Amino acid sequence: LLGMSYAAENFSSGSLAVYLRNYSKGGHGTLPRSISVSLIDSLLNGFKRRYWEDPSIDKSAMLRVIIGPGTEPTSADTVHSHLDFSSIRESEVLPKYLQLLGELGGEKIVFDLWRQVQAELEYGQTAAITESAIASIEAFLTLGNPGRALEAAQLASKYIDLNEHLSLI
C-alpha cells in the first residue's frame, strides 16, 4: 500500500500499475476506505505537481491505470476496480475520484458515476451525495462539457441549494 501511495504521489503510472497487479494477486479485494481516500488524494497531488511542471503532460497512461484501456472499467488491476462504491450515499472517496477523473479526462466514467449520484439524490441528501453531485458538476466543467454541467446543475438544484456550494455557476 505504501508503494501505491508513493507511485501516486509521483504520478508514476507504470509503478502504480505494478503495485495494483501485486495487490490483486494477493486477493485483497477493495481498498479500505481510508486507503482509498489517501490514494485518490495522492493521485490528485501528484497530477497537480506534474501539471505545474509540464502543462502538456500525457494523462492517458495514468487514466488507463485508473479505469483500464477503454472508456469503461474493464480490468481487475485498475484503481477503479479496487474502490468500494457499494454505498455511495456515504462515500468519502467518490467526490475526490470524480475530481480526479475530471482532471484526467475520464468523461464516460464521470457521466456513469453522475447517473448513480443522480439516482441517489432522488432518495434524499447525505453530505457525501451532495459533495458528489457538486464534484460531478465541477468535473463536467473541467472536462470542457458545460452543457452536461448545466444539465447536472439543473437536476441537482431540485435537491440541493447550489448557491451554498458553487459560487461560480
Side-chain angles (χ1 to χ4, degrees), residues 1 4-5 8-9 11 16 20 23 28-49 51 59 62-68 70-169:
L1 297 176
M4 275 191 235
S5 179
E9 279 289 339
F11 208 67
L16 183 57
L20 285 167
Y23 187 80
H28 300 290
T30 58
L31 292 164
R33 182 196 53 77
S34 62
I35 301 296
S36 296
V37 170
S38 178
L39 180 63
I40 299 302
D41 280 340
S42 293
L43 282 163
L44 279 165
N45 290 337
F47 169 71
K48 288 175 185 175
R49 198 169 28 261
Y51 185 79
K59 304 177 243 181
M62 186 59 82
L63 189 60
R64 282 191 303 276
V65 172
I66 292 170
I67 64 169
T71 59
E72 307 241 353
T74 56
S75 170
D77 295 335
T78 63
V79 171
H80 188 88
S81 67
H82 291 294
L83 299 176
D84 182 6
F85 294 118
S86 61
S87 177
I88 67 169
R89 295 189 64 70
E90 304 304 325
S91 177
E92 292 176 52
V93 74
L94 185 56
K96 293 171 186 280
Y97 187 54
L98 285 161
Q99 180 186 358
L100 177 66
L101 291 169
E103 294 287 353
L104 299 182
E107 186 167 3
K108 173 76 170 93
I109 301 298
V110 170
F111 183 73
D112 291 346
L113 291 170
W114 159 244
R115 289 291 181 216
Q116 292 178 34
V117 170
Q118 178 183 349
E120 292 298 326
L121 275 172
E122 295 173 6
Y123 291 110
Q125 291 173 299
T126 64
I129 288 296
T130 298
E131 289 177 29
S132 295
I134 300 306
S136 297
I137 296 165
E138 291 173 342
F140 287 134
L141 289 172
T142 302
L143 287 161
N145 195 332
R148 198 164 266 172
L150 182 58
E151 290 172 18
Q154 288 171 334
L155 192 135
S157 69
K158 294 178 184 177
Y159 308 98
I160 301 168
D161 181 2
L162 295 178
N163 292 320
E164 292 180 16
H165 303 281
L166 292 172
S167 60
L168 299 176
I169 290 185

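Remember, it's a predicted structure, so these values are computed and weren't measured experimentally. Quick note: numbers below take in every heavy atom, side chains included, and nothing from hydrogens, waters or symmetry partners.
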Query raised in the report: What residues, two or more places apart in sequence or in another chain, satisfy ring pair (Phe, Tyr, Trp, His ring centres under 6.0 Å) together with Phe47?
Result: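 Per chain and number, Phe47 pairs via ring pair (Phe, Tyr, Trp, His ring centres under 6.0 Å) with Phe11, Tyr51.
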Requested in this report: Quick one: list whatever passes ring pair (Phe, Tyr, Trp, His ring centres under 6.0 Å) with Phe85, sequence neighbours left out.
Outcome: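 So Phe85 forms a ring pair (Phe, Tyr, Trp, His ring centres under 6.0 Å) with His80, Tyr97.
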Query - Shortest non-hydrogen separation from Gly68 to Thr78 and the atoms involved - result: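 Result for this residue pair: N-CG2, 3.5 Å.
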Report task. Kindly write out the residues that satisfy side-chain contact (heavy atoms from CB on, under 4.5 Å) with Gln116, not counting sequence neighbours, or none if the list is empty. Result ->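 Testing Gln116 for side-chain contact (heavy atoms from CB on, under 4.5 Å), a comparison that skips the adjacent residues, returns Ile88, Leu113.
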Query raised in the report: With Thr126, which residues qualify under side-chain contact (heavy atoms from CB on, under 4.5 Å), at least two apart?
Result: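 Here the qualifying residues are Arg89, Glu90, Ala128, Ile129.
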Requested in this report: Determine yes or no for a side-chain-to-main-chain donor-acceptor pair under 3.5 angstrom, with Arg33 supplying the side chain and Asp84 the backbone.
Outcome: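 Side chain of Arg33 to backbone of Asp84: no pair is present.
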Query raised in the report: Does any N or O in the side chain of Ser136 come within less than 3.5 Å of the main-chain N or O of Ser132, such that one atom is a donor and the other an acceptor?
Result: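 Indeed, once roles are kept as given, a pair shorter than 3.5 Å links the two residues.
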Query raised in the report: Do Val93 and Val37 touch side chain to side chain, with heavy atoms closer than 4.5 Å?
Result: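 Touching, per the 4.5 Å side-chain cut-off.
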Query raised in the report: Aromatic rings Phe111 and Phe140: how do their planes relate, parallel, tilted or perpendicular, breaks at 30° and 60°?
Result: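 Because their plane-to-plane angle lies in the 30° to 60° range, the rings of Phe111 and Phe140 count as tilted.
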With rounding to the nearest 0.5 Å, note down the distance linking [atom1] in [X] to [atom2] in [Y].
X: Leu83; Y: Ile40; atom1: CG; atom2: CD1; value: 5.0 Å
X: Ile35; Y: Thr30; atom1: CD1; atom2: OG1; value: 11.5 Å
X: Lys59; Y: Leu100; atom1: NZ; atom2: CG; value: 10.5 Å
X: Leu162; Y: Ile134; atom1: CG; atom2: CD1; value: 5.0 Å

**Report entry** Listed once per pair and sorted, the salt bridge (charged side-chain N to carboxylate O under 4.0 Å, His left out) pairs that draw on residues 96-106, sequence neighbours left out
**Finding:**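 Sorted pair list: Asp41-Lys96.
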Report task. Only pairs at least two apart or in different chains count here, so list each salt bridge (charged side-chain N to carboxylate O under 4.0 Å, His left out) that has a residue in residues 145-154. Result ->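 For residues 145-154: Glu107-Arg148.
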**Report entry** Glu122/Lys158 under salt bridge (Lys or Arg N to Asp or Glu O under 4.0 Å): CA gap, chis, key distance, verdict
**Finding:** CA-CA 9 Å; Glu122 295 173 6; Lys158 294 178 184 177; over 6 Å; no
Query raised in the report: What do the steps show when you test Leu104 against Ile67 for side chain to side chain contact (heavy atoms under 4.5 Å, CB included), and what is the final call?
Result: CA-CA 11 Å; Leu104 299 182; Ile67 64 169; over 6 Å; no
